[in-house]
Every structure is written in structure tokens, then in C-alpha cells.
Amino acid sequence: MLSATNLERRDAQSGTVLLHPTSLHLRAGEHGVVMGPSGAGKSVLMRSLALLDAPDGGELRFLGEPVGGHEVPAYRARVAYVAQRPALFAGTVEDNLRLPYTLLQHRRRRFAPDVIVALLEAADRPASFLGKAARDLSGGEAQLLNLLRVVQLAPAILLLDEPTSALDALATAMVEALLRRWADGNAGETATLWVTHDPSQARRVGNRFFRMQGARLEELGGVP
Amino acid sequence: MNAPYLAISWPSLLLAASLVLINGAVSLALRLGLEKKLAIAALRTVVQLLLIGMILEWVFAIDRWYVVLAILALMTLIAGRAAAGRGSIRYRGMGLDAIVSVSASSWLVTALGLFAVIRIDPWYRPQYAIPILGMILGNTLTGVSLGLERITEELSARRAQVETLLSLGATRWEAFRLPAQQAVRAGMMPVINAMTVVGLVSLPGMMTGQVLAGQAPGQAIRYQIVIMFLIAAASGLGTVAAVLLVYRRVFSRAHCFLFWRLEERGKTG
């Protein structure tokens with residue numbers, strides 16, 4: 001589905017290498033886990049794959065087509081990046097969930113409460129969650145909302161940049177359950193790339209394993 | 001309504017100037033330590049105004065279009081530079097963006113005011129062109145500087161929100177919209193406030209001046225209304241232009257947010 005060839009990133013100001021030429025091919029049903037020390041370039045890789053930062057070299061293909069220029073918003077809607085710290089907007093949970101439908105990219109879609117309620121069920125949350133004020137949410141609830149906001153749009157690939165590293169065990173379980181529901185609901189037509197520091201989480205959510213060190217990515221033979 | 005204009009003599013000027021001694025006495029009595037600052041400020045008032053008075057008399061006397069144009073350009077440059085001076089965050093090219101947005105909007109609106117509304121003749125008549133552009137520049141500079149300050153701060157503070165929107169499939173414009181609205185609102189606020197209270201709380205200096213010079217209040221007020229709207233238009237236009245120029249700097253064609261271009265002032269990088 002997603003195919004990066006010799007993707008490269010350098011710091012725009014100092015020219016320091018942030019990501020050595022990296023190739024990565026993610027097929028449907030694959031769930032890659034990226035581990036490695038802080039500052040190794042894991043976020044750089046994820047942001048480059050999401051085209052949040054423009055690569056300085058290499059090629060990125062999605063479903064066989066090269067991506068760039070004005071197709072980037074459409075690509076980002078299909079290959080969605082989820083940051084470690086969720087950014088919420090003023091208003092309620094529902095306001096935040098409705099926000100993407102105000103974008104040009106999703107103008108033909110409609111907010112579907114029943115989809116959300118089903119996903120909330122997977123995360124063990126009542127429907128009244130929708131009426132909560134975004135600023136009153138706990139860290140775990142905020143990340144849950146962040147993920148719901150992305151998952152409701154049925155992306156093909158999720159780039160998860162340490163989505164649970166700031167959460168407790170319970171909230172982490174909630175997030176994993178929600179993501180499992182999303183993957184199951186799309187019958188293998190999805191893939192994820194998941195950055196984590198937690199080896200047990202890596203074993204729970206991954207079926208391919210990578211290690212990032214010194215801005216280089218290497219695939220590991222088996223479970224870490 | 002044709003009482004003679006009352007000229008101010010040098011001794012009268014000195015009498016007025018001595019009033020600053022009141023402030024000096026207050027400073028001494030309350031030990032505010034402001035005497036030196038007061039003295040310098042008072043001196044600057046006198047010197048700067050005498051200087052501009054001499055320049056204006058000279059400009060009016062020689063009455064050449066290129067001299068007027070040069071003065072207008074210099075005023076514009078100073079205003080543009082001042083507009084980029086605020087705020088804690090800056091980016092490469094901010095000074096240029098400030099000058100471009102201040103000058104483009106002020107000149108456009110001033111031209112409209114001078115040629116279409118007031119209809120001056122000859123087209124460069126300095127008695128009109130210089131003070132009117134001056135008033136417009138002064139207000140546009142406030143709008144532009146507030147707009148620039150706000151947009152750079154909003155974009156830095158809301159980086160996560162901007163990137164979240166981009167991640168959800170927003171175009172760069174959609175990601176920019178919310179901070180831009182805040183910034184344009186901030187830039188337009190002073191002129192809206194001024195229009196709200198004009199005549200009730202504040203009697204604008206130009207109107208007061210015209211009345212003092214013997215002009216009928218009816219005409220003075222017409223002038224003031226024209227000026228008010230020219231100021232509002234230029235200031236709004238300038239703010240929008242500045243915000244749009246920032247948009248061009250911090251978003252790439254591939255819809256990336258180039259947040260690293262926004263730097264804290266004083267940091268070299």
C-alpha cells in the first residue's frame with residue numbers, strides 16, 4: 001500500500017541529516033512497529049511518511065501512485081498521522097469529531113453518530129462522552145478523541161507516533177481496542193506503522209518489527 | 001464665523017513649554033526619578049516638531065512633485081520598519097513583508113482619497129498629500145504590526161492544531177484559516193474602537209485643528225469622516241495583506257507547515 005524508496009530528510013537550516021535514505025514497503029494487513037532510543041529519528045520518519053515535512057530525497061508511493069503537490073491533503077486523509085500529544089479544539093467532543101467534515105477534503109461525507117457510538121463501545125465509553133467539553137478530558141480521553149476523529153474518516157493507513165506513551169495501562173488498552181476495531185472493520189485493507197517504547201505493546205500490536213538508530217531504519221528478523 | 005486666526009508667538013510658546021515643569025516638580029516631589037526622561041522627551045517634542053515644521057515649509061515652498069514623493073516614500077519606509085518591530089516571534093523577510101503591506105495598502109487608499117474623494121489639484125499638493133498619508137500610515141502601521149504579532153504567535157502556539165488539521169486532510173489554507181481570523185480581528189480592532197468612540201470620547205486632532213484654524217465644524221467633520229474611512233480601509237487592507245504574506249512564508253506548495261521559519265526574537269539560527 002505504502003512504499004517509500006530512499007526517503008531522506010535534512011534539517012532545513014543546519015543541513016544535518018535527520019533521516020538517512022530509508023526504504024520501507026508496507027502491505028495491507030501489515031502492522032509495523034518502530035522502536036529505538038529518543039532522538040533516533042522515529043518521529044522524523046513518521047512525519048516524512050505523512051508528508052508533514054517534505055522529504056529532501058527519495059520517492060513515496062501510495063497504492064502505486066507517487067504523491068506530492070496538490071494531492072497531499074487527499075493523501076494525508078488516507079494515510080493519517082497521529083501525534084503523541086493530541087491537539088483538540090474548543091467545544092465538545094462532538095464538535096471536535098465534526099471538525100474534519102468542514103474540510104474540503106471530506107465535504108461529501110457526513111458525520112455518522114452511529115459509527116462513533118460503535119467505536120466508543122469498543123473503547124468502553126458511553127455515548128454521553130460526545131457531550132463532554134474537550135478541555136475537561138483526561139489525557140487518555142483526549143487521545144481517544146484524537147483517534148476517533150481520525151478513524152471515523154476510514155483512513156487506509158495509520159501512522160501512530162507514540163500514541164499511548166503518555167497514557168496509563170487502562171487508557172492504553174482502550175486505545176489499542178479502538179484501533180483493533182478499526183482494523184477489523186476494514187477487513188485487512190489497512191496497515192499501521194506504530195512507534196512505541198514498550199516491547200510488550202510492540203508484541204501486542206505488531207507483525208513486523210523495525211529498529212531506528214542514528215537516523216537509520218533496520219528491519220528486525222522477529223519479535224524483539 | 002470669520003474670526004481672525006490667532007497666531008502663537010514665541011513668548012507664548014515658552015509659557016506653554018514651561019508647563020512641563022509641573023511634571024518635573026511632581027517627579028521630584030514623589031521621587032519618581034523621571035526628570036531626565038522628561039527633559040529629553042520635552043526636548044524631543046520641540047526639536048522634532050520644529051524640524052518637521054521647517055521641512056514642511058520648505059516642501060510647500062518649492063512645491064515639486066518629486067520632493068513630495070520622496071517625503072511620502074520616506075514616511076512609508078519608517079512606518080513599515082516600525083510595523084515589524086513588535087512581537088516576540090519573527091521570521092526571515094518579516095521586515096520586507098511589513099513594508100510591503102503597509103505601503104501597498106496606505107498608498108492605494110490614500111490615492112483613492114486624494115484623487116477620487118478630495119480631488120486635489122495638482123495631484124501631489126503637499127498640504128493634503130503629506131498629512132493625509134501620514135494619518136493613514138500611522139493607523140495602518142498599528143494594524144499591520146498587531147496582525148503580524150498575532151499571526152506569528154498564533155501559529156507558534158497552535159502548531160499542534162495546525163498540524164492536526166493538515167493530518168486530517170486539510171489544505172494549507174484550511175489549516176491557516178483559524179489563526180488568520182484571529183490575527184485579522186486583532187489588527188482591525190483599534191480602528192473599529194476608534195470609529196466607535198469618535199466624537200464621543202475623542203475629538204480627532206485633525207478636526208480640532210481645522211476648527212481652530214477657522215474652518216466651519218460642518219466641513220471639518222466631513223473631512224474627519226472621510227479620513228476615518230480611509231484609515232479603516234487602509235488598516236484593514238494592510239492587516240489582511242500582512243497575514244497573507246505570512247501565509248506564503250510558512251506554508252509550502254505541498255501543504256507543509258514550515259513552522260521552523262518562525263523564530264523567537266533575539267535567537268540567532
Side-chain angles (χ1 to χ4, degrees), chain A residues 9 11-14 18 43 46-55 60 67-90 96-107 109 134 142 145-147 149-153 155 158-161, chain B residues 89-96 150-186 244 246-269:
Chain A
R9 278 264 296 132
D11 186 275
Q13 281 151 317
S14 64
L18 300 175
S43 281
M46 301 295 268
R47 292 176 56 90
S48 304
L49 290 173
L51 293 179
L52 280 175
D53 295 317
L60 194 61
V67 260
H70 64 272
E71 302 143 9
V72 169
Y75 167 75
R76 289 199 191 117
R78 302 287 293 136
V79 181
Y81 173 81
V82 177
Q84 179 184 352
R85 267 173 305 187
L88 304 182
F89 293 81
N96 273 273
L97 291 172
R98 284 178 180 274
L99 180 73
Y101 300 97
T102 63
L103 303 175
L104 207 59
Q105 191 57 46
H106 305 294
R107 65 187 181 284
R109 296 157 169 247
L145 167 55
N146 193 25
L147 282 165
R149 196 168 51 189
V150 174
V151 165
Q152 63 173 345
L153 303 169
L158 285 181
L159 301 169
L160 301 156
D161 196 353
Chain B
I89 294 157
R90 54 177 312 113
Y91 60 88
R92 197 183 290 262
M94 191 172 184
L96 183 67
R150 190 63 184 268
I151 192 67
T152 49
E153 279 172 8
E154 288 279 326
L155 286 171
S156 306
R158 295 177 190 268
R159 180 184 154 192
Q161 287 191 353
V162 170
E163 294 204 321
T164 296
L165 282 170
L166 291 174
S167 304
L168 289 168
T171 62
R172 53 186 177 150
W173 179 251
E174 287 171 324
F176 181 67
R177 205 165 42 189
L178 201 68
Q181 283 171 342
Q182 300 286 348
V184 172
R185 207 172 276 148
L244 289 179
V246 172
Y247 171 69
R248 288 200 40 197
R249 301 263 183 194
V250 297
F251 286 94
S252 75
R253 279 169 178 277
H255 304 270
C256 293
F257 178 32
L258 312 173
F259 56 88
W260 44 268
R261 287 200 175 159
L262 299 169
E263 296 168 359
E264 300 250 345
R265 198 179 284 270
K267 238 171 75 177
T268 48

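Predicted model only: the values in this text are computed from it and were never measured. Per chain, numbering begins at 1; letters A, B, ... match sequence-line order.
With contacts defined as side-chain heavy-atom distances shorter than 4.5 Å, the pair Leu88(A)/Gln161(B) does not qualify.
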Practice problem: Decide yes or no on side chain to side chain contact (heavy atoms under 4.5 Å, CB included) for Arg172(B) and Val72(A), but give the supporting numbers first. | Solution: CA-CA 10 Å; Arg172(B) 53 186 177 150; Val72(A) 169; over 6 Å; no
Exercise. Take Phe259(B) and Asp53(A), measure what side chain to side chain contact (heavy atoms under 4.5 Å, CB included) needs, and give me the verdict at the end.
Key: CA-CA 10 Å; Phe259(B) 56 88; Asp53(A) 295 317; 4.1 Å; yes
Self-check item: Gln13(A)/Glu263(B) under side chain to side chain contact (heavy atoms under 4.5 Å, CB included): CA gap, chis, key distance, verdict
Solution: CA-CA 12 Å; Gln13(A) 281 151 317; Glu263(B) 296 168 359; 3.2 Å; yes
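Counting heavy-atom pairs under 4.5 Å between each of Ala175(B), Ala254(B), Ser252(B), Ser167(B) and chain A puts Ser167(B) at the top.
Of the two parts of Leu153(A), only the side chain, counted from C-beta on, holds a non-hydrogen atom closer than 4.5 Å to a non-hydrogen atom of chain B. If you measure heavy-atom distances from Leu99(A) to chain B, the contacts under 4.5 Å come from the side chain alone. Within the 4.5 angstrom heavy-atom criterion, atoms from both the backbone and the side chain of Glu163(B) approach chain A. The contact between Arg47(A) and chain B is made entirely by side chain atoms (from C-beta outward), counting heavy-atom distances below 4.5 Å. Residue Ala83(A) does not touch chain B at all, counting heavy-atom pairs closer than 4.5 Å.
With values rounded to the nearest 0.5 angstrom, Phe89(A) atom CZ is found 8.5 Å from Arg158(B) atom CZ.
Closest of all the heavy-atom pairs between Cys256(B) and Ala54(A) is SG-N, 3.6 Å. Listed here is the closest heavy atom pair of Val150(A) and Leu168(B): CG2-CD2, 3.9 Å. Taking every heavy atom of both residues into account, His255(B) and Pro73(A) meet most closely at CD2-CD, 3.5 Å.
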